[in-house]
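Scroll down for the structure; my scribbles are underneath it.
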Amino acid sequence: MDRDSSDDDADHRNLIPRNDIRDNNNLRRREDDLQSVTTTAMATNRTTGGGNNTPRSTFQIEETLSRSRNHRKNLVIVAAVSLTLLLLGVFFFLFTDTPRSSFKLDPLSVRAKESELRALYLLKQQQLALVSLLNRNSSNTIDESSLVIDNAISLSKEIEEVLLSPHRTGNSSSVSGLGTSDTSIYLCKKVDQSLSERRTIEWKPRPDKFLFAICLSGQMSNHLICLEKHMFFAALLDRVLVIPSPKFDYQYDRVIDIDRINTCLGRTVVVSFDQFKNKTARIDRFICYFSSPQPCYVDEEHVDKLKGLLGVTIGGGGKLESPWSEDIKKPSKRSSGEVVEKFKSEEGVIAIGDVFYADLERDWVMQPGGPINHKCKTLIEPSRLILLTAQRFIQTFLGKNFIALHLRRHGFLKFCNAKSPSCFYPIPQAADCISRIVERANAPVIYLSTDAAESETGLLQTLVVVDGKVVPLVKRPPRNSAEKWDSLLYRHGIEDDSQVDAMLDKTICAMSSVFIGASGSTFTEDILRLRKDWGTSSTCDEYLCRGEEPNFIAEDE
């Protein structure tokens, strides 16, 4: 699976809409000039008694009015030419064979769709600017300039209809004329996941055969991805999956609902470590998916923990074996048939570790809902307590339409700069990228999930500006007894658990209208998995500053 992670992974502006402002300023300046000329003329008449100077003052006023009308016509011509150039640019893009990349969440050409829809947005803004200019024409008759504007508006409407047609579904009404729905509703649509085309496998384990999951690389986000892959292994090998003990791994039952997994399949497919230990306390065979740089990604300390701390007996003298030569740094693409062939065993209990980096049936595993046939949206999701708490937080602070941003900073500078291109962006550049997405999504607020220092987030807050307004960045506040959104966590005594906090952040991000992630972070990848499985993925979802390189990169040590 194509999921990179850092070693310590803790888990423009469009100028066209401003045409109105510029035109208003121009008109105000012309009115001020006219007022100044009129005032000067009147003052001169009063000084000279109004004599022979009156005709000359009147001529000056008429000359100024004439210049004003000519200037307005010039503005109209400039606006019409600008619209024509815009339309030519749209057609050039749409009907030329330009290479287009797509975001991984949408199998179609999302970037192409976004560009087309962006063109729609620009057309709408151009229409509004032209209508505003037309309304300011105080002439009682329709002159040549008004006809030019009116024809330009009609043409942009027709092009808007043509561009919108492939983006409509069912019997949705057309967007015609001004004053109708803003085209931004078409810019960030939900992704059609094509669930009817899922390829799945039945997980019907033999009750006396177990697979002991070993997940050691990275932190909680890595472990959840590892656990998800272990489920696929267990389904392929017809085994019940044993959830690791909190003495050896994380306390999974605090962040995910283990019993719910069995409910989703209608049979017992996973058991807790305590349930497993009541039946047997041994591992008959320890098989490593990766043989190098270290077998199973397991050192002697972890083997000793299994033997001593957990009281588990390891057969075969505790020997770690691997059925093939596989390197974590260069994982080979493996098929389900190869896994069955190499890992199938008649022993009652086998342990397989660590499969986080395994590149196994990527398209099958990465599809919405995962590779296993079940009746839920996803098998691994936040616990009910965390889910409800996230909903209460959203209702309290964010509302339905919000953008979520995972801004990874701690330890990411060195990690990103080791990649090409780097994924660590200066705060001003990041703010510019974020502002463009906010403008496209038309969201009033951003939820910020970050490990960044206040000095960075404070600067970011001042720079995320759209249409002259600062867009609020909202983080979860410290506990306050006057606020009740987090009362469920408090009542169950898990409000200070760092893993619960991390899962709560993931859940809020997964429920957002649009998500901006951190490239290379497994925390982001797990959010994308949830969004894909829950059906909340948007065509505007993307990694921060996707397609851009940092405008400044520090040298190596």
*asked:* Apply salt bridge (Lys or Arg N to Asp or Glu O under 4.0 Å) to residues Arg408 and Asp451 and explain how you reach the verdict.
replied: CA-CA 6 Å; Arg408 176 70 193 279; Asp451 55 7; 3.1 Å; yes
*Taking all non-hydrogen atoms of both residues, which atom of Ala518 and which atom of Tyr543 are closest, and how far apart?*
C-CD2, 4.0 Å
*asked:* Can a donor-acceptor pair be found, under 3.5 Å and without considering hydrogens, that links the side chain of Gln367 to the backbone of Trp364?
replied: yes
*List the steps, then state whether side chain to side chain contact (heavy atoms under 4.5 Å, CB included) holds for Arg199 with Glu361.*
CA-CA 11 Å; Arg199 175 192 176 192; Glu361 301 282 9; 4.1 Å; yes
*Do the non-hydrogen side-chain atoms of Asn262 and Val270 ever get within less than 4.5 Å of each other?*
yes
_Min side-chain heavy-atom separation His223-Gln499 under 4.5 Å_ = no
*What do you reckon, is CD of Gln251 surrounded by more than 12 foreign heavy atoms closer than 6.0 Å?*
yes
*Whether Ser513 side chain and Lys400 backbone form a donor-acceptor pair below 3.5 Å*: yes
*Does Glu456 pair with Arg409 as a salt bridge, N-O distance under 4.0 Å?*
yes
_Could you go through Tyr447 and Ile403, starting from their C-alpha distance and side-chain angles, then the distance that decides it, and tell me whether this counts as side chain to side chain contact (heavy atoms under 4.5 Å, CB included)?_
CA-CA 6 Å; Tyr447 177 69; Ile403 293 173; over 6 Å; no
_Separation between CG of Leu544 and CG of Leu405, rounded to the nearest 0.5 Å_ = 6.5 Å
_Is any side-chain heavy atom of Arg531 closer than 4.5 Å to one of Asp541?_
yes
*Is there a donor-acceptor pair under 3.5 Å between the side chain of His492 and the backbone N or O of Ile494?*
no
*Shortest non-hydrogen contact between Ala358 and Lys229, atoms and distance*: O-NZ, 2.6 Å
*Could you walk me through whether Ser487 and Arg392 pass the side chain to side chain contact (heavy atoms under 4.5 Å, CB included) check?*
CA-CA 10 Å; Ser487 59; Arg392 292 180 177 187; 3.4 Å; yes
*Do Val470 and Thr462 come close enough that some side-chain heavy atom pair is under 4.5 Å?*
no
*Please confirm whether the backbone N or O of Cys188 pairs with a side-chain atom of Arg440, one donor and one acceptor, at under 3.5 Å?*
no
*Do side-chain atoms of Ser538 reach the backbone of Val514 as a donor and acceptor pair under 3.5 angstrom?*
no
*Side chain to side chain, Pro444 and Asn401, heavy atoms closer than 4.5 Å*: yes
*Could you give me the CA-CA distance, side-chain angles and deciding distance for Ile256 and Leu227, then say whether side chain to side chain contact (heavy atoms under 4.5 Å, CB included) is met?*
CA-CA 11 Å; Ile256 63 174; Leu227 200 62; 4.2 Å; yes
*State, with a plain yes or no, whether a side-chain heavy atom of Leu460 is found less than 4.5 Å away from one of Ile434.*
yes
_Distance-only donor-acceptor check, side chains Thr522 and Asn222, under 3.5 Å_ = yes
*Is the side chain of Thr507 donor-acceptor paired with the backbone N or O of Leu387 at a distance under 3.5 Å, no angle test?*
no
_Quick one, Lys414 and Glu557 - any side-chain contact, counting heavy atoms below 4.5 Å?_
yes
_Does atom CZ (Arg384) have a neighbourhood of more than 12 heavy atoms from anything else shown, all under 6.0 Å?_
no
*To the nearest 0.5 Å, tell me how far Ser449 OG sits from Leu473 CG.*
12.5 Å
_CG-CG distance between Leu224 and Asp526, expressed to the nearest 0.5 angstrom_ = 5.5 Å
*Could you tell me whether a side-chain N or O of Asp467 sits under 3.5 Å from a main-chain N or O of Lys469, the two making a donor and an acceptor?*
no
_For Ser217 versus Asp354, what's the shortest heavy-atom pair and its separation?_
N-OD2, 3.0 Å
*SG on Cys540 to CD1 on Ile516, rounded to 0.5 Å*: 9.5 Å
*asked:* Could you check whether atom NZ of Lys190 has more than 12 heavy atoms from other residues, nucleotides or ligands sitting under 6.0 Å from it?
replied: yes
*When the ring planes of His406 and Phe523 are compared, do they come out parallel, tilted or perpendicular, using 30° and 60° as the limits?*
tilted
*For the atom pair CG (Asp259) and SG (Cys264), what is the distance rounded to the nearest 0.5 Å?*
11.0 Å
*asked:* Please give me the minimum heavy-atom distance between Ala213 and Pro244, naming the atom from each residue.
replied: O-CG, 3.4 Å
*Look at the side chain of Arg260 and the backbone N and O of Ile380, then say whether any donor-acceptor pair between them is shorter than 3.5 Å.*
no
*Sequence neighbours excluded, which residues qualify as ring-ring contact (aromatic ring centres under 6.0 Å, His included) partners of Tyr252?*
none
*Is there a side-chain contact between Arg529 and Ile225, using heavy atoms and a 4.5 Å cut-off?*
no
*Which atom pair, heavy atoms only, marks the closest approach of Gly370 to Asp533?*
N-OD1, 4.4 Å
*Check Leu265 against Leu379 and note the closest heavy-atom contact, atom names and distance.*
CD1-CD2, 3.5 Å
*Between the side chain of Thr536 and the main-chain N/O of Ala510, is any donor-acceptor distance below 3.5 Å?*
yes
*Do Ser519 and Arg546 have side-chain atoms, one donor and one acceptor, less than 3.5 Å apart?*
no
*Rounded to the nearest 0.5 Å, how far apart are CD of Glu228 and OG1 of Thr378?*
6.5 Å
*asked:* Any carboxylate oxygen within less than 4.0 angstrom of a Lys/Arg side-chain nitrogen, looking at Arg476 and Glu483?
replied: no
